[in-house]
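Per chain, numbering begins at 1; letters A, B, ... match sequence-line order. No experiment lies behind these values; they were computed from the predicted model shown.
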Protein chains: 4
Amino acid sequence: MGRRHAENLRRLVPEAQLVAVADASVERARQVATELEVDKSFSSLEEMLGCDLEAVLISTPDKFHAQAIEVAAAAGKDILCEKPVALSLADGDRAMAAVSKAGVRLQIGFMRRYDPAYAAAMKRVEAGDIGEPVIFKSVGRDKDEPPLAAYQSGVNGMVFYNNTIHDFDLARWLMRDEVAEVHAYTTVAIRPEIAQYGDVVASVVNLKYARGAIGNVESYVQAIYGYDVRTEVVGSKGSILIGSLEKTPKTFLSAGGGTHILADHFLSRFADAYLAEVTDFVHNMLLDRPPRVTGEDGLKALQIAVAAESSHAQGKPCKVSGQG
Amino acid sequence: MGRRHAENLRRLVPEAQLVAVADASVERARQVATELEVDKSFSSLEEMLGCDLEAVLISTPDKFHAQAIEVAAAAGKDILCEKPVALSLADGDRAMAAVSKAGVRLQIGFMRRYDPAYAAAMKRVEAGDIGEPVIFKSVGRDKDEPPLAAYQSGVNGMVFYNNTIHDFDLARWLMRDEVAEVHAYTTVAIRPEIAQYGDVVASVVNLKYARGAIGNVESYVQAIYGYDVRTEVVGSKGSILIGSLEKTPKTFLSAGGGTHILADHFLSRFADAYLAEVTDFVHNMLLDRPPRVTGEDGLKALQIAVAAESSHAQGKPCKVSGQG
Amino acid sequence: MGRRHAENLRRLVPEAQLVAVADASVERARQVATELEVDKSFSSLEEMLGCDLEAVLISTPDKFHAQAIEVAAAAGKDILCEKPVALSLADGDRAMAAVSKAGVRLQIGFMRRYDPAYAAAMKRVEAGDIGEPVIFKSVGRDKDEPPLAAYQSGVNGMVFYNNTIHDFDLARWLMRDEVAEVHAYTTVAIRPEIAQYGDVVASVVNLKYARGAIGNVESYVQAIYGYDVRTEVVGSKGSILIGSLEKTPKTFLSAGGGTHILADHFLSRFADAYLAEVTDFVHNMLLDRPPRVTGEDGLKALQIAVAAESSHAQGKPCKVSGQG
Amino acid sequence: MGRRHAENLRRLVPEAQLVAVADASVERARQVATELEVDKSFSSLEEMLGCDLEAVLISTPDKFHAQAIEVAAAAGKDILCEKPVALSLADGDRAMAAVSKAGVRLQIGFMRRYDPAYAAAMKRVEAGDIGEPVIFKSVGRDKDEPPLAAYQSGVNGMVFYNNTIHDFDLARWLMRDEVAEVHAYTTVAIRPEIAQYGDVVASVVNLKYARGAIGNVESYVQAIYGYDVRTEVVGSKGSILIGSLEKTPKTFLSAGGGTHILADHFLSRFADAYLAEVTDFVHNMLLDRPPRVTGEDGLKALQIAVAAESSHAQGKPCKVSGQG
């Protein structure tokens, strides 16, 4: 992911100058630097902050996000940080406080907001084309079974923090309302061995909005058939569906039926969105404007994820922190 | 609905003989009898049972289903009754007891099981094509805002009994498992005046299955844009989607984009299913076989609806009666 | 096909009374009569015309259509005849003359005009939604390889008369213009043995309209993957596509991609159209109105088919008889 | 178009070094050079060839292609030239002779071969999944009415050379056979004023293949509703459809039906293809391999276009030069 961001910045955002890259593995940092013709590479954020930089892009494993934000903020840099902003409310609050104290700007990597289909959907909502939003629905399914090592490493949060958080952000953004309470059911039935790592294979999260709307978000980390992201905003006058079941516009017709290829990865499905995201960040930084997706957005999505985890653990609906 | 069943029986099920029709409005009964060239018409089930009949089809408002089953069973007739079997567990149990005591057969009108797309989906599930079922999803949206009189009359149950019960039945059937617990959020936000009648505009119901799978069912009674029924069964090896957003296979392309017409009514979307349902009932009765969709199926779907209403009323997850 | 018409008339058109059925095989006639509870059955049209009939529906092999029309017309009956009206212009003219002389009414079985999707498309055209029609496109593909006996029997015309004639009718109807000239390429490459029967496996026919528009119609009699009928009317302001690649609204998602079932037969694809066609015929006859699809329509489609066959035989564009 | 190629080369093909840009308008050349941080800019190909270059990419108006190829070949440069290779067979032959004499390599810009959907379709064909190809169909529609000035300038060829030539190339490539004869109908009915410039608004071209298959290609330069490119390869065992009617995976559902946005420009529809094309060219040049799409391919597509124009002019089928 970090590599993709670096490539986008280096090659496709002419206004940006990619000064340095850092990675815990200095070999990897060096290799990327060489390929992208970047002069400097480091093995830590702290070292890299010694360069003459205006902003940093943080794309570490989830559990290091909050601390990296604190360090970069303390160094006075503007920040684009991948989601989630943190894995706990305490960490999230501390990161936000650091940003606030330093007076820097923080954007969170909810790139779906930059996807042409999602952006066009939001325009429809804002134009009132669907009337008053009534129901929010979203499905997020990853293709391949994560390797067991991914669970064992513990560097990323459980599904609510790593996957569903995108839908939690959309749930706020597209409905233009706050989620006040959630209820989650989860399952490990087809892979019971991951329960010991506190994670689940699939989840359905019911949403209750502050102004009365409702919703549901489903996540499934090993759909096998493809990378399948679909969202629906249902209103009093109409509805908008975002998402597709085709990767390429090609259908094969045979005696076995009609067949089309399915999307398989977020890097291809959201390639345009990632580029638009980093471009927008660079433009806003250069023009001294606030970022479009803020640290506050990151924190609020995190609060929903925390409530979903509580509901999963306690078997009952849970209020979202900070909502009434 | 009763009229559609009568037409199907009279015209398209040659093995059946439609002996009589009854309606609380004797004029309506007479008119249908005339149009369909049926000799007898009555203003009550009781009167009609005086004819030489082998079976009755019950298609009254919801609240009269259970009692009508009791009466018909006591008269020794086999029964095809529209969903729901009853509006309360007590009524449902009494109806089932009457059927059992009389030794008659009872089929409940979950016609979706007879829809070619749903039936083909079930074959895929049974063949193991999607592996082990993990997530059940279903959406049921009616097109037009129900008239206020429909709420005031009180002859039909709230959304869970009148609409979602179809999805509750599919939830059991397609997953081949029982729903053990549910959690519901509901909303009246865009039509607060119906709250006084105990009903809601939309709902999302989280499902927890006995063997560990999960699910969610959404209902919306005034989608405005169309009649939209979609179901998905997601498994460990693949997924099946049932439902379509097109009424007719026709697309209009203009500078405003591509446009297609949406389905608008269950009588057209499920026309084939209604015919297949009543045909199957007639065949099974003639061949002394049990019905394919039983009173027990009707009762179990009712139990889920009752649990959903409890969850809506109490704001917490509720166990489904009879499950563990 | 005749059986389907008889069933529709007997069961689904209450205003019609099916008096008798006839078939060259009297056993078959008798069997259908029994099943449909029709009193009389005959082994020839001539015998059947002795009954008290107001109209006849002709559904013989193609080569007997024209003569049957003459006989029925001479007996003073109104007629619904399957396409094509005849297999030669001379036969077609003679049939039309007989109809005219007898003062009876003749409808030709271009049922696609009654299909909901085609009918809705025509409304769009008439409303001016696509502006001025510029290009007509149509594809008609049958699923299974016809048995060799079908070619050997010689009772049906080559592909232009038996299949493409539907598209030739649509070509006139949807464009509201006459086809003035055609050019055809054909192939027997994958089944050379049918060339001796004067038929082909596939064809593409370019169309030139009287008022300047253009078009193309493709036919393929052994597509193997399904029954695939699609039409497009392209105009100066927009376009309409009719047709679909799905039989049932169901998609199966697996590691092999997304799969849906394809339509496989015209009797299922156009079931509604066949019923609407015969219903409309009955209504118009009862109300003393002219039929909606006339013998003239049948003749003009035949003239295009004849020109297409000439082009196929001569290797050059051919004018359509009666056009300029 | 030239600008897009330059951007791709400069930013997304790390193995390539963009040395210089040239344009008849030296201001434009200078501006692009500045934006892309290229050192040199020129007002003619001849001047630019004075630089130390290994290859040139030609993206002039159509009528200058052939001459530019001759000049670049004479200078010993490998060439990637936009389609068509020339506007006449004489020019095409001369360009090919120059390439041959100079021993340089020439690739023609049929970028659709590099589109993921087309490439995947070709793999299906090569794997025998559709059996023996029987029918080739292709539709190419541009969105907006070309300005009259585009016709008046005369720098591009008529529709067959500028648009349909893409389909003519696909017709050869996907069917793995040569087109032997064509028949064209054209129309200017909705824009008669362009007839004086020898061009047309729409065309349908019937194809006859050397080994017996058939086909049809339609072009329409002012479809208004969108940029619509669809191709179908129909075989003895199945069929492949390439193309889609959606720009973004988003559907808006309202009482007016379901609506989706349509593709509007080839630069967005084929963005990936243009990049893959130029990348493949660079790789093949660096590795001393022949280009994947050759000058011979360009010439053969040109021969079909010339035959189509002859058919349009003469009103009869025309043999393709060089085919039997």
Distance check, rounded to the nearest 0.5 Å: [X] atom [atom1] versus [Y] atom [atom2]?
X      : Y      : atom1 : atom2 : answer
B:D199 : B:Y151 : CG    : OH    : 5.0 Å
B:I165 : B:I304 : CD1   : CD1   : 8.5 Å
A:S310 : A:H183 : OG    : NE2   : 12.5 Å
B:T186 : B:M158 : OG1   : CE    : 6.5 Å

- Message: Determine whether a donor-acceptor pair (N or O, by modelled atom type, separation under 3.5 Å) exists between the side chain of A:N156 and the backbone of A:D62.
- Response: yes

- Message: Can a donor-acceptor pair be found, under 3.5 Å and without considering hydrogens, that links the side chain of A:S311 to the backbone of A:A307?
- Response: no

- Task: Find the one option among A:T187, A:V204, A:V201 whose heavy-atom pairs under 4.5 Å with chain B are most numerous.
- Result: A:V204

- Can you tell which of A:K316, A:K237, A:E181 has the highest number of heavy-atom pairs within less than 4.5 Å of chain B? A:E181

- Query: In residues 116-140 of chain A, which residues are in contact with chain B at a heavy-atom separation under 4.5 Å?
  - Reply: A:E132, A:V134, A:I135, A:K137, A:V139

- Message: Sub-4.5 Å heavy-atom contacts with chain B: which residues of residues 209-233 of chain A show up?
- Response: A:R211, A:G212, A:A213, A:I214, A:G215, A:N216, A:E218, A:S219, A:Y220, A:I224, A:Y225, A:R230, A:E232

- What class does the angle between the rings of B:F110 and B:H166 fall in, given that below 30° is parallel, 30 to 60° is tilted and above 60° is perpendicular? perpendicular

- Item | Whether A:F160 and A:H312 hold their rings parallel, tilted or perpendicular, with breakpoints at 30° and 60° | perpendicular

- Message: Checking A:R112 against A:D169 for the salt bridge (Lys or Arg N to Asp or Glu O under 4.0 Å) test, could you report, in this order, the C-alpha distance in whole Å, the side-chain angles of both residues, the deciding distance, and whether it holds?
- Response: CA-CA 9 Å; A:R112 291 189 195 171; A:D169 178 59; over 6 Å; no

- Item | Contacting region of A:V200 [heavy-atom separation from chain B under 4.5 Å] | neither

- Query: Would you call B:K83 and B:N162 a side-chain contact if the rule is heavy atoms closer than 4.5 Å?
  - Reply: yes

- Under a 4.5 Å heavy-atom cut-off, does chain A meet the side chain of B:L241, its backbone, both or neither? side chain

- Item | Donor-acceptor pair between B:E309 and B:Y161 side chains, under 3.5 angstrom | yes

